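What you are looking at is a predicted structure, and each value in this text was computed from that prediction instead of being measured. Side chains included, hydrogens not; waters and symmetry mates left out as well; all remaining heavy atoms used.
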Amino acid sequence: MTPDRSPGLAESARALAAGEVTSRTLVEQALARIEASRPVLNAFRIVRAEAALAEADAADRELAAGGRRPLLGVPLAVKDDTDVAGEPTAFGCAGDFPPVATDGEAVRRLRAAGAVIVGKTNTCELGQWPFTEGRAFGATRNPWHHGHTPGGSSGGSAAAVAAGLVPAALGSDGAGSVRIPAAWTRLIGIKPQRGRISTWPRPDPFQGITVNGTLARTVADAALLLDAASGSHALDVHRPPALTVADAVGRDPGGLRVALSLKPPFTAVPARLHPQIRVRVTELAGQLAGLGHEVTEDDPPYGQIGLAFVPRATAGIAELAAEAPDPALLDARTRGAARLGRLLGGAPLRAARRAEAALHRRIGAFFRSYDVILAPTTAVPPPRIGALYRLGPMATDRAMIAACPYAWPWNVLGWPGVNVPAGFAGDGLPVGAQLLGPAGSEPLLVSLAAQLEAESRWHELWPAGATG
């Protein structure tokens with residue numbers, strides 16, 4: 001194991017259980033990498049150095065006594081929208097946020113699996129944008145190209161994993177916020193079924209469009225983290241039947257019917273697929289055909305699905321903005337979105353939520369003809385730092401929709417999606433593609449992603465100077 005970058009999640013757990021390395025060593029190395037990367041990448045909002053080392057020592061004692069848990073002693077990071085006991089949850093906002101008393105349910109489950117939480121990663125303000133920049137913490141940069149964003153809103157988690165600071169990280173996805181940064185940093189990003197990973201103490205965040213998900217360099221690691229974090233809190237609104245995902249890695253998915261969908265879903269502004277991303281995703285479709293799958297170009301019947309998204313997204317922003325200790329410190333775009341959310345929070349919100357059942361029926365019927373959808377994750381490669389952050393409210397919305405029109409419909413539906421690396425565009429900028437399925441299809445998507453990974457070996461390529 002090289003101290004310059006983290007070993008994978010499964011490899012770390014294996015080496016710890018075999019006594020080849022101690023948790024303290026892995027945590028010390030992770031903390032050193034995080035500190036060295038800070039001037040360039042700026043991936044972490046909070047680093048729990050003292051607490052993490054104490055947790056590592058406790059894990060080493062348990063390992064020495066013969067204790068075995070899935071992630072015992074492995075260092076991990078979580079996004080700063082997730083509660084970690086003793087730390088504030090600022091969710092990208094400026095202001096004096098008090099420490100929370102208890103872990104969120106997802107963190108509680110990771111701790112129960114033995115993980116050591118080394119820190120909380122940067123995210124844009126209330127997770128609204130596909131970039132990770134803000135007045136509270138500055139800009140988080142892409143390990144592949146420091147002049148470009150790693151995406152958002154789980155950009156800190158993506159940057160930390162892509163640079164090898166930690167083996168895997170938890171993120172959240174309300175409009176592609178796991179899949180977009182995974183695409184732009186060459187990672188696996190799993191957005192699971194709504195409720196698969198608990199969001200407690202928020203039982204239904206952003207009116208049901210936001211879920212917790214995982215980011216890792218390999219399909220196996222992303223699935224292992226998903227299984228460790230999965231499970232419901234008794235008061236969660238969404239509690240899907242339990243399933244195991246990691247078992248699907250290496251399992252033959254069989255011959256699948258794949259719909260290649262290149263047309264952006266309904267958007268209020270024009271969105272054009274970057275020609276090189278079109279080529280990369282089409283090449284991936286050819287790869288699937290070469291693996292024996294039947295690939296047909298076809299698009300789901302999205303209709304005007306955006307009308308079911310905006311009230312839910314803005315109402316969620318309004319709810320969170322109301323909790324800010326100093327609302328005057330919020331970005332003007334946040335305050336504007338919160339005002340819109342309050343306006344749409346009555347009948348429009350109720351109509352948007354009612355529309356989901358009809359969308360399930362209509363788009364679900366598409367899966368009578370196909371097993372999986374392959375689509376671009378984004379329409380463009382990662383923008384430069386500041387390109388979106390410096391825009392005004394209307395220009396931000398237009399640029400965001402044009403850049404990322406493909407991911408958010410699956411948040412309205414609440415169904416699973418997995419980003420896989422699709423190569424590079426432009427000046428060596430990573431891009432990705434999504435494998436999308438109906439409710440409960442995580443094992444199928446993971447099996448297919450792992451099949452692609454076995455052939456492409458995308459995880460073997462690291463960014464140059466990965467630790468900054």
Side-chain angles (χ1 to χ4, degrees), residues 44-46 48 78-108 117 119-129 131-138 152-157 170-175 177-178 194-195 197-213 233-238 309-346 348-350 352-353 393 396 411:
F44 281 80
R45 182 77 182 264
I46 294 167
R48 305 178 65 247
V78 301
K79 183 177 177 179
D80 192 28
D81 63 343
T82 303
D83 287 353
V84 175
E87 309 293 349
T89 302
F91 204 171
C93 299
D96 186 15
F97 287 78
V100 300
T102 57
D103 290 330
E105 180 65 14
V107 171
R108 187 193 71 78
I117 310 299
K120 303 186 73 180
T121 56
N122 278 326
T123 173
C124 62
E125 195 166 287
L126 304 185
Q128 302 166 78
W129 304 306
F131 53 84
T132 301
E133 302 171 55
R135 65 181 295 179
F137 60 89
S153 61
S154 303
S157 286
L170 203 64
S172 61
D173 191 313
S177 288
V178 161
R194 183 183 295 150
I197 300 177
S198 175
T199 53
W200 185 262
R202 297 193 180 278
D204 194 31
F206 285 85
Q207 297 293 319
I209 62 173
T210 293
V211 304
N212 285 328
H233 187 278
L235 297 178
D236 282 337
V237 171
H238 309 284
F309 175 79
V310 174
R312 297 168 75 168
T314 56
I317 292 168
E319 291 164 4
L320 289 168
E323 300 175 11
D326 188 348
L329 295 178
L330 294 174
D331 190 293
R333 291 168 290 190
T334 301
R335 297 196 300 271
R339 285 193 295 272
L340 179 60
R342 289 190 292 271
L343 287 172
L344 300 179
L349 176 60
R350 291 192 294 272
R353 299 214 64 163
T396 299
N411 294 90

Are any non-hydrogen side-chain atoms of [X] and [Y] less than 4.5 angstrom apart?
X	Y	value
Ser154	Thr121	no
Val78	Val84	yes
Phe206	Asn411	no
Thr123	Phe91	yes
Ile197	Val211	no
Leu329	Cys93	no
Asn212	Ser198	no

About how many Å separate [atom2] of [Y] and [atom1] of [X], when rounded to the nearest 0.5 Å?
X	Y	atom1	atom2	answer
Gln207	Leu344	CD	CG	11.5 Å
Leu235	Glu105	CG	CD	10.0 Å
Leu126	Leu330	CG	CG	6.5 Å
Ile117	Ile46	CD1	CD1	12.5 Å

Shortest non-hydrogen contact from [X] to [Y]?
X	Y	value
Arg335	Ala328	NH1-O, 3.6 Å
Gly174	Phe309	O-CE1, 3.6 Å
Ile317	Ala337	CD1-CB, 3.9 Å
Ala338	Ala321	CB-CB, 4.0 Å
His238	Gly208	NE2-CA, 4.2 Å
Thr199	Pro205	OG1-CD, 3.2 Å

Would you please say whether a donor-acceptor pair under 3.5 Å links the side chains of [X] and [Y]?
X	Y	result
Asp81	Ser172	yes
Ser153	Gln128	no
Ser177	Lys79	no
Asn122	Asp80	no

- Sequence neighbours excluded, which residues qualify as side-chain hydrogen bond (donor to acceptor under 3.5 Å, both in side chains) partners of Asp103? Arg111

- Determine, stepwise, if the pair Arg202 / Thr210 fulfils side chain to side chain contact (heavy atoms under 4.5 Å, CB included). CA-CA 10 Å; Arg202 297 193 180 278; Thr210 293; over 6 Å; no

- Could you walk me through whether Glu125 and Arg45 pass salt bridge (Lys or Arg N to Asp or Glu O under 4.0 Å), step by step? CA-CA 12 Å; Glu125 195 166 287; Arg45 182 77 182 264; over 6 Å; no

- Query: Quick one: ring-ring contact (aromatic ring centres under 6.0 Å, His included) partners of Phe137, sequence neighbours excluded?
  - Reply: none

- Message: salt bridge (Lys or Arg N to Asp or Glu O under 4.0 Å), that's the test. Do Lys120 and Glu87 meet it? Break it down for me.
- Response: CA-CA 9 Å; Lys120 303 186 73 180; Glu87 309 293 349; over 6 Å; no

- Which residue pairs satisfy the ring pair (Phe, Tyr, Trp, His ring centres under 6.0 Å) criterion with at least one member in residues 313-346, sequence neighbours excluded? none

- Axial cation check for Trp200 ring with Arg108, 6.0 Å and 45° limits: no

- Task: Answer yes when Arg312 and Glu319 have at least one side-chain N-carboxylate O distance shorter than 4.0 Å, and no when they do not.
- Result: no

